Protein chains: 2
Amino acid sequence: MVSLSIRLNASLYLKDPQQSALGWRIVTEGIRLIDRLGFENFTFKKLAEEIGSTEASVYRYFENKHRLLLYLIDWYWTWLEYQFDYFTTNINDPREKLKIYINLLTSEKKSDLYSNGIDGQALNRIMMAEFEKTYLTKQVDKDNQEGVFLPFKSVCKKIAGLIRQINPAFPYPHALVSTLILSANHQLFYAEHLPSLTEIQFNPKKHYQQLNDFIGLILNKVIQP
Amino acid sequence: MVSLSIRLNASLYLKDPQQSALGWRIVTEGIRLIDRLGFENFTFKKLAEEIGSTEASVYRYFENKHRLLLYLIDWYWTWLEYQFDYFTTNINDPREKLKIYINLLTSEKKSDLYSNGIDGQALNRIMMAEFEKTYLTKQVDKDNQEGVFLPFKSVCKKIAGLIRQINPAFPYPHALVSTLILSANHQLFYAEHLPSLTEIQFNPKKHYQQLNDFIGLILNKVIQP
DNA sequence: TACAAGATAATAGTAATACTATCAAAAAAC
DNA sequence: GTTTTTTGATAGTATTACTATTATCTTGTA
């Protein structure tokens with residue numbers, strides 16, 4: 001059996017949550033609880049009760065809930081980039097690669113694709129609803145210096161690199177990619193909660209396909225030379 | 001002298017802040033303080049100290065700080081839609097109108113364009129950094145039912161309507177507009193704090209122009225029939 | 001000018017949040 | 001089998017997010 005381990009920036013945690021059973025429960029149950037309560041209403045006290053431990057024990061792993069969120073987000077992007085590489089092995093055509101990246105970016109994240117008990121759907125919902133809260137803060141610059149946004153940046157860079165290969169004359173590959181990734185995150189949220197902001201219809205069986213169409217359409221129209 | 005008054009959804013406040021001097025100080029100094037501290041670190045207590053009043057008095061106007069933020073955001077979008085109408089009076093060509101809308105959306109908001117002591121630049125920074133926090137919450141649906149997102153939706157609808165006029169075959173006008181508005185908000189934030197996510201260079205003298213180029217480029221490429 | 005209505009200030013108080021500290025018990029590593 | 005590390009239990013603090021009460025200060029109006 002092969003199990004892949006995802007190592008994240010050590011500045012994210014005080015004690016590595018992958019190194020003990022309690023640590024990993026903090027992460028996996030943290031995902032479920034943030035998904036259920038929303039990040040604002042989530043507290044370490046509630047999490048501790050949930051996992052039958054104490055607040056103080058949770059604080060031994062993460063400095064605060066913002067750092068825990070950063071950990072989860074970094075986990076997601078690191079995992080996604082691994083998926084990018086895995087599913088494009090031996091493929092060289094940048095257009096084909098790009099298509100696979102976009103498919104991965106806009107498709108449902110099945111739980112069983114993830115390892116070690118992480119609820120992929122919950123993590124994906126956290127991505128949609130909470131991702132931007134990780135950097136839209138007054139500590140962006142400090143956090144950024146510690147490198148906590150590298151996994152996301154790396155994903156952007158990878159896609160932007162393909163765009164540059166496909167059309168070297170296009171002047172805004174990174175801006176385009178960051179725009180479309182955010183949009184992919186938001187459109188399904190709109191579909192569910194603010195439907196007048198999108199044509200995508202909320203329907204868990206079909207909306208991933210619609211999202212994929214939309215993002216693909218924009219991307220193709222914009223980068224065609 | 002003509003002064004335009006902006007009336008907002010009454011469910012946003014407990015007592016209309018435009019009806020008393022204290023109320024308006026809460027709004028105008030609230031803008032400055034949220035801009036300075038960030039929404040997370042902003043409290044009604046700090047605001048009360050700032051304006052030489054008390055926490056209890058602030059609470060008489062707004063139920064909580066989230067409602068105050070909604071008020072500010074609604075103020076912004078309502079004001080922007082007014083600008084849209086004002087600057088396109090007697091213009092009928094949808095392409096020309098669209099260009100003006102995009103110019104307004106991506107240009108610097110000068111303080112003196114606003115009325116009644118509102119610091120336009122601070123409000124604009126709040127838009128960039130805090131807007132999404134108004135709807136990325138567990139109470140979206142409740143807030144939405146009260147109509148607090150109508151000003152933003154109305155702006156989206158207006159732009160989407162033009163796109164439909166220009167190219168009736170384009171299937172995603174609303175999704176495109178919501179994508180680009182968010183992007184316009186974020187790209188300058190990236191330019192300043194996470195520069196590897198965008199080609200736009202942080203430079204208050206020039207980056208509005210670059211942003212305008214970027215958004216205009218995407219829009220034109222995407223909606224051309 | 002007087003006085004009633006409404007707005008504000010001052011003060012107090014509560015429950016929850018976001019932590020930090022200490023120490024003993026339990027688990028693990030050697 | 002003991003030392004080190006990890007956890008649990010408990011306690012405590014400062015801040016946040018409110019609510020309530022009453023006294024005072026502005027008004028609008030008669």
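Proteins come first, then strands; the chains are lettered A, B, ... in the order of their sequence lines, and each starts at number 1. A quick note: this is a predicted structure, and the numbers were derived from the prediction, not measured.
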Going by the side chain to side chain contact (heavy atoms under 4.5 Å, CB included) test, name the single residue among A:Asp143, A:Ile73, A:Leu72 that passes it with A:Thr134.
-> A:Ile73

Rounded to the Å, how far apart are B:Glu50 CD and C:dA9 P?
-> 15 Å

Please state how far atom CG in B:Leu47 lies from atom C1' in D:dC18, giving the value in whole angstrom units.
-> 15 Å

At under 4.0 Å, does any side-chain N or O of A:Ser57 touch on OP1 or OP2 of D:dG8?
-> yes

For the pair made of OH in A:Tyr13 and C1' in D:dT6, what is the distance, rounded to whole Å?
-> 17 Å

Sub-6.0 Å ring centroid separation between B:Phe152 and B:Phe131 | yes

Pairwise N/O distances under 3.5 Å, protein to nucleotides 12-22 of chain C:
from: C:dC19; atom 1: O5'; to: A:Tyr59; atom 2: OH; distance (Å): 3.1
from: C:dC19; atom 1: N4; to: A:Glu55; atom 2: OE1; distance (Å): 3.2

Hey, does A:Phe62 reach any base, or is it just sugar-phosphate, or nothing, if we go heavy atoms under 4.0 Å?
-> nothing

Kindly say whether the aromatic ring centers of B:Tyr61 and B:Tyr13 come within a distance under 6.0 Å.
-> no

A:Thr106 and its side chain to side chain contact (heavy atoms under 4.5 Å, CB included) partner, picked from A:Asn185, A:Leu188, A:Ile181, A:Leu211 | A:Leu211

Tell me: CG of A:Leu14 to C1' of D:dT6, nearest whole Å?
-> 14 Å

Separation of A:Ile51 atom CD1 from D:dT6 atom P, in whole Å?
-> 16 Å

Does a side-chain N or O from B:Tyr61 land closer than 4.0 Å to OP1 or OP2 of C:dT8, or not?
-> yes

Side-chain N or O of B:Ser53 closer than 4.0 Å to phosphate OP1/OP2 of C:dT8 = no

Ring centres under 6.0 angstrom apart (A:Tyr135, B:His193) = no

Rounded to whole Å, NE2 of B:His66 lies from P of D:dC18 at a distance of 11 Å

Using a cut-off of less than 4.0 Å, is there contact between a side-chain N or O of B:Gln19 and OP1 or OP2 of C:dA7?
-> yes

Would you say a side-chain N or O of A:Thr54 is under 4.0 Å from OP1 or OP2 of D:dT7?
-> no

How about B:Phe87 and B:Asn103: do any of their side-chain heavy atoms sit closer than 4.5 Å?
-> no

Between CG of A:Leu22 and P of D:dT5 the distance, given in whole Å, is 18 Å

Rounded off to whole Å, could you give me the CG-to-P distance for the B:Leu69 and D:dA17 pair?
-> 13 Å

Is it the case that A:Lys65 places NZ or CZ above or below the six-membered ring of A:Phe39, under 6.0 angstrom from the centre and within 45 degrees of the axis?
-> yes

